[in-house]
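Each chain gets a letter, A, B and so on, in the order its sequence line appears, and its residues count up from 1.
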There are 2 protein chains.
Amino acid sequence: MTELTERQKRILMLVVREYIETAQPVGSKRLVERYRLDVSPATVRNELAALTEMGYLTQPHTSAGRVPTEDGYRYFVGQLVNQVELPSEVQHTITHQFFQARHDIEEWMHLAASVLAHQSRAVSLVTAPHAEKARYKHLELISTQGRQVLMVLVLAGGEVLQQILTLAEPVSQERLSRVAEQLNRLCAGRSADEIATLSSRTDALENDVLTVLLRDMRAADERVSGEVYIDGLTNVLSEPEFTASGEARRALRLIEERSLLQDLLARTVMKSNVGGLQILIGGEGTWEELHQCSMILARYGVPGLVTGTLGVLGPMRMSYTRTIPTVRFVAYLLSDLIQETLAGGQA
Amino acid sequence: MTELTERQKRILMLVVREYIETAQPVGSKRLVERYRLDVSPATVRNELAALTEMGYLTQPHTSAGRVPTEDGYRYFVGQLVNQVELPSEVQHTITHQFFQARHDIEEWMHLAASVLAHQSRAVSLVTAPHAEKARYKHLELISTQGRQVLMVLVLAGGEVLQQILTLAEPVSQERLSRVAEQLNRLCAGRSADEIATLSSRTDALENDVLTVLLRDMRAADERVSGEVYIDGLTNVLSEPEFTASGEARRALRLIEERSLLQDLLARTVMKSNVGGLQILIGGEGTWEELHQCSMILARYGVPGLVTGTLGVLGPMRMSYTRTIPTVRFVAYLLSDLIQETLAGGQA
DNA sequence: GTTTAGCACTCTCGCTTCGAGAGTGCTAAA
DNA sequence: TTTAGCACTCTCGAAGCGAGAGTGCTAAAC
């Protein structure tokens, strides 16, 4: 692939920008008029032809304006990604909102989703922070009725697992409390594997609890991410490319089908580090459902301890200029909060 | 309003049924053909005219078939509501699914939402069970870093509240544990008001924790419902009345705007008792956003202790025959599960 | 007094036609 | 290398038209 001349770069950027704004194929004349290029439409037409030849643009039909291809968007984003910053007043507003929610972790998630959705005018996805390796912090056994016991397991990092145990026979709350206390002494701070090795408890009840507890912790280890918070679904419904046609449905199905979504987040996110952004344009060939969509994802948290993913899913035609710095900023903010509150004990 | 003759009732029911199935205005000829009525189309036309006069039907334009009005739907539902039952094999399938999820309360919610969405082919809403009066069960204080403390408060009924405390000065985990233990002894089983009266703690740290704790419990009392689980969003997007036009957007906005949704659930649900169904057709005049929609809601849980709401939001043209018994059945099932596991200790 | 057949009338919906508008590529001149 | 001019292409919206479905009314039949 040959190099682009300066003018070609300029024109390509403008075409993408214009198309993102208007959702209309952009023609040579429009371009010259709107951006006061000091060349004639004919010249621009030649350049457009060249860019089309190189695969950055297409035309929906012979005599229409140009529309960016996936490669066109990629070039655009590539130029942009390290340049734009969020306006500082926006930064301040967001910071302030998070400050007000500083007491409630769940609220952080809602807020992050809400901010991302608002700024990007697309669908936002935020997964709750999740420890890579579950560590036992505290267990609580709550008697309810007869053989049913509610087990609440708090993990280091703040995750809370709930589970209902059905015991072989009724057990008093006192006995349950004793068992919980004992296990708390035994397991505090340990991972599933560590707990497994020091096993060999004689007490049957304790053993039962331990089994379930280990299964839960291992299940938590398997999971790639915590709960997923979503916001901004309505944003995307108003976009022209999503009206009617199945496009919207397919993308939404992906979101509703949690297993798919988990898979998607897992695969893409594994590759990226905290601090870096991952930008997928048009599903990158792998994701049928995301044909017309782009995703901008980031990891946040404290590497090796608790991490989560956040990002935005929108039409390929989304406002990258606004979304990219927002995703970056929110990820940075959340990482900071987590560093301060959740990971502190272990850092 | 004069009485309907038997034949008019029959025809009205058929018109609604047919319209729900086809989404097309239904005409006299179709009706006679499809349902083998032993009268001529002309007769049916007369009856249709009468029903239109009475306000049960309308026609979109002068020479089209009939479409049910809101009153038409109401009549239909009124006839139906105490008659239909869920096929027993469906009941078994659902029961089985819940049996498999018996260990995980959160999973019940997802499952309930999923079942409702599937059966009704519309959007389902399920709120987590929520105690009318929060009762303290157990407190946990987890030191993280310096002055930040993670507070986990378990309420009777299984709700878990999390909150981050920022203390005036750093405190050791041992001290935190002692305070928690003391509060646990003091507050176990009590409501916010009860705890407030026996206050007058001398210890400053204990006082701080208590203050936040009370605020949280009171906030929980204020809340009408727990977290909202939603499923089946994609179902509704495929319905013809939701394509393009703002209808879908408006309804979805209602769902995303959690405050609105809470309000809606609160207002409607207050009126209905556990076991009974509430059916809103066309927003019942009050809800702008639900112009074209119907909701079928039920409360579940143990009255006076923990209750939640579940139901379905769909186009006015939804399949009531299927949805009504499903909502009823799932509510019954969840009530049962909760009775067995969560409320047992107090019943 | 119902019920029904017949009929004129109305309205939508899908199809085609057509012209305006926007944009293109090519050629030849600056 | 850039630009003006021009013929050509393609979409899109408006207008026109006919088929089809449904209605309401009237008058005859049961």
Approximate separation, where rounding is to 0.5 Å, of Tyr229(A) OH and His110(A) NE2
5.0 Å
Applying the Watson-Crick and G-U criteria (both distances under 3.5 angstrom) with [ ] for crossing and | for other-strand pairs, one obtains for DNA chain C ||||||||||||||||||||||||||||||
What integer distance in Å separates His61(A):NE2 from dC10(D):C1'?
5 Å
Between dC11(C) and Gln59(B), is there an OP1 or OP2 to side-chain N/O distance shorter than 4.0 Å?
no
Enter the distance from Gln8(B):CD to Leu48(B):CG here, rounded to the nearest 0.5 Å.
10.0 Å
Under 4.0 Å between a side-chain N/O of Arg45(A) and OP1 or OP2 of dC6(D), yes or no?
no
Is the phosphate of dT23(D), meaning OP1 or OP2, less than 4.0 Å from a side-chain N or O of Arg66(B)?
yes
Sort out for me which residue in Val312(B), Leu233(B), Thr234(B) forms a side chain to side chain contact (heavy atoms under 4.5 Å, CB included) with Val123(B).
Leu233(B)
Any donor-acceptor pair under 3.5 Å linking the side chain of Gln292(B) with the backbone of Gly282(B)?
no
Rounded to the nearest Å, what distance is computed from the CG atom of residue Asn46(A) to the C1' atom of nucleotide dT1(D)?
10 Å
Rounded to whole Å, how long is the line connecting atom CG of Leu48(A) with atom C1' of dA22(C)?
14 Å
Decide yes or no on side-chain hydrogen bond (donor to acceptor under 3.5 Å, both in side chains) for Arg66(B) and Thr52(B), but give the supporting numbers first.
CA-CA 8 Å; Arg66(B) 297 317 207 277; Thr52(B) 306; 2.8 Å; yes
Calculate the interatomic distance between Glu47(A) atom CD and dT1(D) atom P; express it in whole Å.
11 Å
Side chain of Ala49(B): nearest nucleotide among dA5(C), dG24(D), dG22(D)?
dG24(D)
By nearest heavy atom, map Ser63(A) and Thr62(B) onto DNA chain C; which one lands nearer the 5' end?
Thr62(B)
Rounded to the nearest Å, what distance is computed from the CD atom of residue Gln8(B) to the P atom of nucleotide dT3(C)?
11 Å
Does any N or O in the side chain of Ser124(B) come within less than 3.5 Å of the main-chain N or O of Ala113(B), such that one atom is a donor and the other an acceptor?
yes
More 5' along DNA chain C: Val44(B) or Val26(A), using each one's nearest nucleotide?
Val44(B)
Where each residue is assigned the nucleotide of DNA chain D containing its nearest heavy atom, which of Ala42(B) and Gly65(B) is assigned the position nearer the 5′ end?
Gly65(B)
State which residue, out of Leu37(A), Val15(A), Leu14(A), fulfils the side chain to side chain contact (heavy atoms under 4.5 Å, CB included) condition with Val44(A).
Leu37(A)
Where the side chain of Gln278(A) meets the backbone of Ile296(A), is there a donor-acceptor pair that is under 3.5 Å apart?
no
Heavy-atom donor-acceptor pair, Ser294(B) side chain to Gly314(B) backbone, under 3.5 Å:
no
Given atom OH of Tyr19(A) and atom C1' of dG23(C), what is their separation to the nearest angstrom?
16 Å
Output the rounded distance in Å from CD (Glu18(B)) to C1' (dG22(D)).
15 Å
Donor-acceptor contact below 3.5 Å, side chain Glu33(A) vs main chain Arg30(A):
no
Atom pairs, N/O to N/O, protein against nucleotides 14-19 of chain D, distance under 3.5 Å?
none

Let me know the distance between CD of Gln24(A) and C1' of dT11(D), rounded to the nearest Å.
12 Å
